[in-house]
Amino acid sequence: MKERVYEANPDPSKPKFFITAAFPYPNSPLHLGHARTYTIADVYARYMRMKGYNVLFPMGFHYTGTPILTMAEQLKAKDPELVSLFVEVYDVPPEDIEKLGDPLALARYFHKDAKQAMIEMGYSIDWRREFTTVDEEFKKFIVWQFTKLKEKGLLTRGTHPVGWCPKHNMPVGMHDTKGDVEPEIGEFTLILFKLEDGDEIYLPAATLRPETVFGVTNIWLNPHAQYVIVEVDGRKWLVTEKAAFKLRFQRKNVRVVEKVDVSKLFGKRVVNPATNKRVPILPGTFVDPDTATGVVMSVPAHAPYDYAAVRDILSQPEMLKKYGVDPRELEPIPLIKVKGYSDVPARDVVEKFGVESQLDKEKLDEATKKLYSDEYHHGIMREDIVSLVYPDLPPEYRRYVVAPVKVWIAGKSVAEAREATAKWLEALGYADKMYEVMNRPVYCRCGTEVVVKVLEDQWFIDYGNPAWKAKAKELLSKMNIVPEELRKEFMYTIDWLHERAAARTRGLGTELPWARGWIIESLSDSTIYMIFYTVNYKIRRYGLKPEQLGIEFWDYVVLGKGNPKDIEKKYGIPRKVLEDIRSEFEYWYPLDSRHSGRDLVPNHLTFFIFNHVALLPREKWPRQIVVNGFVMLEGKKMSKSLRNIIPLRRAIRVYGPDTVRAAILASAELLQDANFTHELALSVMDRLSNIVKIVELVADKEQLEDDSSIAGRWIVSMACTRIREVTNYMEEFKYRAATITLLYEMAKDVEKYFELRGAVKGSKQLRFFVENWVKMLAPIVPHIAEELWHRLGNKTLVVTEEWPKPVQRDAVAELTVAYVDKLIEDIKEIIKVVKKKPEKVIVAVDEPTNWQLAVKAVQATLNRLSFKEFMNEVLRELSRDERRRVAPKLKKLFDYVMGLHEDLKKLITTINEFDEKQAIEQLKDYIARSIGVDKNNIIVLRASEAKGVIPSQKLASIVPLRPAIVVS
RNA sequence: GCGGGGGUGCCCGAGCCAGGUCAAAGGGGUCGGGCUUAGGACCCGAUGGCGUAGGCCUGCGUGGGUUCAAAUCCCACCCCCCGCACCA
């Protein structure tokens, strides 16, 4: 930090690398989940720096939106639940709560806290470029963005339904409701059934299944509910009192005319606009007066509720008589064919689920769900529904009425018919719609029930624009998506995205310049803000005022459009300054890597793609997206309600930043959910302190001896092997594997080295290993790595060191150790089976002259040859005598070699000569220690020397790499 | 429903894309041993079955298939998790 190595300035001599991670929303402290994304981005930044890139990794804070508002309000009201969450879970000092009643103060508080956490974590951020989304300079940038979108015709205007609190007169989202429930808004089709007598009164039956209108036998009204006549756009509707209230939020002209005594309506008749049939109005107690209009059309063939209610009423003949209804009128009218069901599917499910009456809500809901789903997905409209449509009309007129039904509805799938029916009736003036909260009741925090309000003049970003979509797909196809599996998800999202409401009537953020009172919503003002990092510190350094940052300023800086002279004249910005700012943007952009959690794939990251292609030329399109999974705590999802969120700074206090970093990285690969546990953190701490001990052994450079033994050669070679391995992991974002190799596997290598040597001692060779180790640890655990680097006597900073390169490996040394280890394993296996304490071990190895056979076998398996092919190839080159000698061995050799590691196989192909006897002799002490047999009782013979010493059967089985072993 | 991800040994969890050191890494747990006054921490060994020679049998959701060879490739099925918006 003191060296300012993270402050990145344009440097034409170095390749640049620009990394950003999704900035945090400061309504709570940073926790382990945030830490995952930022740690991954930081490891990447540090790695790329060591690879020689000029890396820029900046950070900002996202103040835009409403949750901060709501939270501040609740704190002001001293909501005990939230206060306790802040104090006990978020570690906010109780005396600070008071001042957090102000939204901006709240944001600033957590902003400061989050920044401190990032500094403590050692994130290599260029803090000169920090900003918030309510900075005036940033708002000017967003104004430019939206002006451009509008110019390109990508903004549209229209109406939009939202959840609404009638008391607050404000839209409510999930964070504004009791229990944080998202109000789900659905659309009912209203079909207008005209009352037969009296003046033009319509009964708007609310339905989710307009295609069943052809089978209506009657209308249901709740006998216990209060109904009223309302005038809606000049027409009179009969709806419940509650519905009249709700309609006022969705329609401009709604006027209650009079209350109605519902009992007087029963038995009266209405006309079905789809069939011209007269059907009676009947009492249905199941009808919920709080849902939609409280008027329900009865389709007993396909709606379980209707079937049950009809069945109920048929059991009361006196009621039918009273209302003048012939029971035959209520017979179900089949409309839809579904396989697995009879003509009257509603009867099937009602009977199957054992429904008792229309008030048997639980069973009926289940039956309805099942039937609706089956009919929607597998149902086909019957052809004979055509005969139901206006049957009494003279044929010459009827032809015209029936045509749309014949063409668009009959014989079609339910899904198609549903849309067509609604359209048809709407065209005839007999259908309308009404929004409803589908998961109602949902309550605002104030206790008022949430209704649906239709907002006029809403601005949308038109992500449905086909040309725009095509460009977004073009970028996606060019971009590197990590992990690759997510590409499909992006593709799918790009496809289904359509108009998105881009503004809200409250919250922090930037106002739409042409629509007072509309604040650009938070997912819309955070799509191209990475551009802002490249220039904002210079805007500040040059002391430019927000009013100087007009459209032409950004046009020039971002697009290179316009003449600096004109801009100088208009805004008073010196030409040199303009050019300097422009060149900084030019240097850093395009963005090389964008990082975030996987929850942002279907929204932010896709919008990020869309907005870049809309506004920037192709050469400035972003190059890569890296996505990570969530962090769980002790196996559980972190959540406010479980109160198991660990603020990052608390974790840092307990474990230290490097442990937190390494534990998060080690616990899961990119897309998997990471599981942070106390135990894992302890284990990481233990490993780190172990590394410190090893470093101590090689800290004093002058005192180190030269270890030219196989052990020494091996540890040097392993350093190179590990460098190659870890580098590959880093390149592939396999940070879990990289961390585990660095923390666990490499420590094991060192232990193995001590075992091979038979002593815990440093050496020049071990120091070589350790130096590279510390360098590779630097991106993962920067603080400790820096300390260790100095402990090794270096005066430089390890962050500025070059990432190590794998120099030549020592194939013979690695093979020798692998070979001897396999030998030890085999001897142990034999000892185990024999169950006797061994005294003497004789090992008989193949002649070194046969080594080439092993190489050939390895090559054959690497080239995927079959055994036959391999044998033919080998035998072809040999004399008859040699063939006889060699042939029996080949199968055994081939089978053994087949199973070797790819890496070891490749190693073997580089070795021209390998003397197994020598290999064993070199590590005899090690073997003796490992199997617990005196060194002098381990005898190594070549096959030619072993005749008569070991059984002839064994002797014959010797092949290269597989010696004969006799334990006695 | 649509889209995506996934089912591995007592548990967690790698491996699968590029089939062959895979009876399957690494943890955890359990059992045995060491250390210790004891416990903890730590270290060693065992942890599918069989086996007096480095081996064999059974096994990676279920059922088929391809292959000399399948946890890995192909087909079908079953089950679990996540997203489906105007909200950060």
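Just so it is clear: chains get the letters A, B, ... in the order the sequence lines come, proteins before strands, and each one is counted from 1. The analysis underlying the following values was restricted to heavy atoms, covering all of them including side chains, and did not include hydrogens, waters or symmetry mates.
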Can you pull every protein N or O that's under 3.5 Å from an N or O on nucleotides 23-30 of chain B?
from  : atom 1 : to     : atom 2 : distance (Å)
B:A25 : N1     : A:R736 : NH2    : 3.2

Just compare B:A14, B:C86, B:A53 and give me whichever is closest to any side-chain atom of A:I830.
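Per side-chain heavy atoms of A:I830, the pick is B:A53.
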
May I ask you to verify if any side-chain N or O of A:T66 is less than 4.0 angstrom from the OP1 or OP2 atom of B:A88?
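The answer is yes; a side-chain N or O of A:T66 sits under 4.0 Å from OP1 or OP2.
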
Can you tell me if A:R504 touches the phosphate of B:A88, counting only side-chain N or O atoms and a distance under 4.0 Å to OP1 or OP2?
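Checking A:R504 against B:A88: at least one side-chain N or O falls below 4.0 Å of OP1 or OP2.
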
Which residue lies toward the 5' end of RNA chain B, A:D599 or A:K734, if each is placed at its nearest nucleotide?
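Checking each residue's closest nucleotide, the 5'-ward one belongs to A:K734.
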
With both distances under 3.5 Å as the test, what is the Watson-Crick or G-U wobble partner of [N]?
{"N": "B:A46", "result": "B:U30"}
{"N": "B:A14", "result": "none"}
{"N": "B:C22", "result": "none"}
{"N": "B:G83", "result": "B:C2"}

Side-chain donor/acceptor of A:N603 to base of B:A88, under 3.5 Å:
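Looking at the base of B:A88, it does pair with a donor or acceptor on the side chain of A:N603 (distance under 3.5 Å).
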
Aromatic contact, A:Y529 with A:F23 (centres under 6.0 Å)
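Yes.
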
Angle class for the A:H62/A:Y25 ring planes (parallel below 30°, perpendicular above 60°, tilted otherwise)?
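Answer is perpendicular, since the angle exceeds 60°.
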
